[in-house]
Structure formats: C-alpha cells, structure tokens
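For clarity, every value in this text was computed on a predicted model and none was experimentally measured.
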Amino acid sequence: QRKAAKDPQRSERLSGKEDIAGIKSQANVAEVFLARGDNGDLSRIILPVHGYGLWSTMVGFLALDGDLNTVAGIGFYEHGETPGLGGEIDNPNWKAIWQEKEVYDEGNLALTVVKGAVDPSAANAEYRVDGLSGATLTSKGVDNMIQFWLGENGYKPFIENLKAGEA
C-alpha cells in the first residue's frame, strides 16, 4: 500500500538551521510504503531518505517494523562515497547493525550514528549504530540524514499520526 505523507506547513526551501541533511529543499508530499499482514495490521513502513555525505547525496530507504519504532533495515541505491571508506554504507555487515535498533525513546528521537563501535552493554546501546571506520564525514552525513528524516521536519509527524490511527 502506498501512502502520501503530507505536511502542508512545510515550505520547499529549508533554512541552514533546518537543513541538517544538506538537502536544500523538501517536497511537501512524499510517497511512503506501508506493508500490511494478512490481518491488515501494519507490519512495516518504508521511508525514502536522502542526505549529503562527504562527496555526494546518499539516496535510499529506511524500513521500520510495524511498531514504528524498530529499524527493520536501511539501504542506499545511489551515492558517490569513496569505495572502501564511505562506500561501506553498502556493506551488508554495516547495514545489519541497524536491524532492531530503536528510533524513539519516549517520543524523542534517540537513534544516532556514533564514532567508533557501540558497546552492546552500554546504556542506550539500542539507539546507537557504529560509525564507519575511516569515514567520519559519511557517518556524520548518515546521522544527519536520520536526524532530519525521523525528526519533526521529516516523517515524525506522519509516524505519530500512524501510531494514533489517523493516517
């Protein structure tokens, strides 16, 4: 099922303060994909995302489970990041780290990409994703993209409406 996430309050141009993902402008309508089980319950939502890395705009999808808080996966289908460094955003091992990470902590965006490896026993590890070794700016770009698209200026209002049964 396809849904259009619409926020008529959004202008197309983003100010520097709003534009943490480096995308310069944002469409007022975005096509998102909802997957439903046989019983009609939401099983997954797939959100198109894009943001600037070191050399290019990274374009892909972020999938959340039906609880709208657990990452099912992330993938990029277009980017120009350095092979072997930032290009590791395509590495299946790195993408697997995202699975089962949590997005929001009591309604606040908590998911973040950190520098280095996440200690699984550390507090808040469920919200942290390992940064890419040798690719600090690409890692920061992915984090900025996540902060934008899952935040108030991105899909968060739509996700909250879905949770409330309004979308």
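- With rounding to the nearest 0.5 Å, the separation of CD1 in Ile45 from CG in Leu62 is 9.5 Å.
- Of all heavy-atom pairs spanning Gly37 and Ser43, the tightest one is N-OG, 4.1 Å.
- Other residues, nucleotides and ligands contribute at most 12 non-hydrogen atoms within 6.0 Å of the CG atom of Asp38.
- Connection of Val113 to Leu111 is established within a shared hydrophobic cluster, with ILVMFWY side chains joined at heavy-atom distances below 4.5 Å, either directly or through further cluster members.
- Lys95 NZ to Glu88 CD: the interatomic distance, rounded to the nearest 0.5 Å, is 11.0 Å.
- Glu126 CD to Asn124 CG: the interatomic distance, rounded to the nearest 0.5 Å, is 5.5 Å.
- Scanning all heavy atoms of the two residues, the minimum distance from Pro157 to Gly151 falls at CD-O, 3.9 Å.
- Across all their heavy atoms, Ala125 and Lys101 have their closest contact at O-NZ, 2.9 Å.
- Cluster annotation: Tyr155 and Val71 are assigned to the same hydrophobic cluster (Ile/Leu/Val/Met/Phe/Trp/Tyr, side-chain heavy-atom contacts under 4.5 Å, transitive).
- Of the N and O atoms on the side chains of Glu100 and Thr70, not one donor lies less than 3.5 Å from an acceptor on the other residue.
- Hydrophobic cluster membership is shared by Leu34 and Leu68, with clusters built from Ile, Leu, Val, Met, Phe, Trp and Tyr side chains linked at under 4.5 angstrom.
- For Asp65 (side chain) and Asp67 (main-chain N/O), no donor-acceptor pair under 3.5 Å exists by modelled atom type.
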### Task
List the steps, then state whether side chain to side chain contact (heavy atoms under 4.5 Å, CB included) holds for Val129 with Val142.
CA-CA 10 Å; Val129 176; Val142 172; over 6 Å; no
### Message
Set out, in order, the CA-CA distance, both residues' side-chain angles and the distance that settles salt bridge (charged side-chain N to carboxylate O under 4.0 Å, His left out) for Asp41 and Arg36, then state yes or no.
### Response
CA-CA 5 Å; Asp41 289 343; Arg36 297 192 182 274; over 6 Å; no
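- Rounded to the nearest 0.5 Å, atoms CG (Leu132) and CD1 (Ile97) are 8.0 Å apart.
- Within the 4.5 Å cutoff, the side chain of Leu47 has heavy atoms near those of the Ile159 side chain.
- Among all heavy-atom pairs drawn from Gly80 and Ser56, the shortest one is N-OG, 2.6 Å.
- Residues Trp55 and Leu137 share a single hydrophobic cluster, defined by chaining ILVMFWY side chains whose heavy atoms lie under 4.5 Å apart.
- Under a hydrophobic clustering in which Ile, Leu, Val, Met, Phe, Trp and Tyr are joined whenever their side-chain heavy atoms come within less than 4.5 Å, directly or via other members, Phe148 and Tyr52 fall into different clusters.
- The two atoms that bring Val114 and Arg128 nearest to each other are CG1-CD, 3.4 Å, heavy atoms only.
- Rounding to the nearest 0.5 angstrom, the gap separating the NZ atom in Lys163 from the NZ atom in Lys156 is 8.5 Å.
- When every heavy atom of Met145 is checked against every heavy atom of Gly51, the shortest pair comes out as SD-N, 3.7 Å.
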### Message
What verdict does the side chain to side chain contact (heavy atoms under 4.5 Å, CB included) test give for Leu85 and Thr138, after you've listed the backbone C-alpha separation in whole Å, the side-chain angles of each residue and the deciding distance to 0.1 Å?
### Response
CA-CA 8 Å; Leu85 296 170; Thr138 300; over 6 Å; no
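- For the ring-ring contact (aromatic ring centres under 6.0 Å, His included) condition, the pairs that include at least one residue of residues 68-92, sequence neighbours left out, are Phe61-Tyr77.
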Please list every donor-acceptor pair under 3.5 Å in which a side-chain atom of residues 102-110 meets a protein atom from a residue at least two apart or in another chain.
residue, atom, partner, partner atom, Å
Tyr104, OH, Leu150, O, 2.6
Asp105, OD1, Tyr127, OH, 3.4

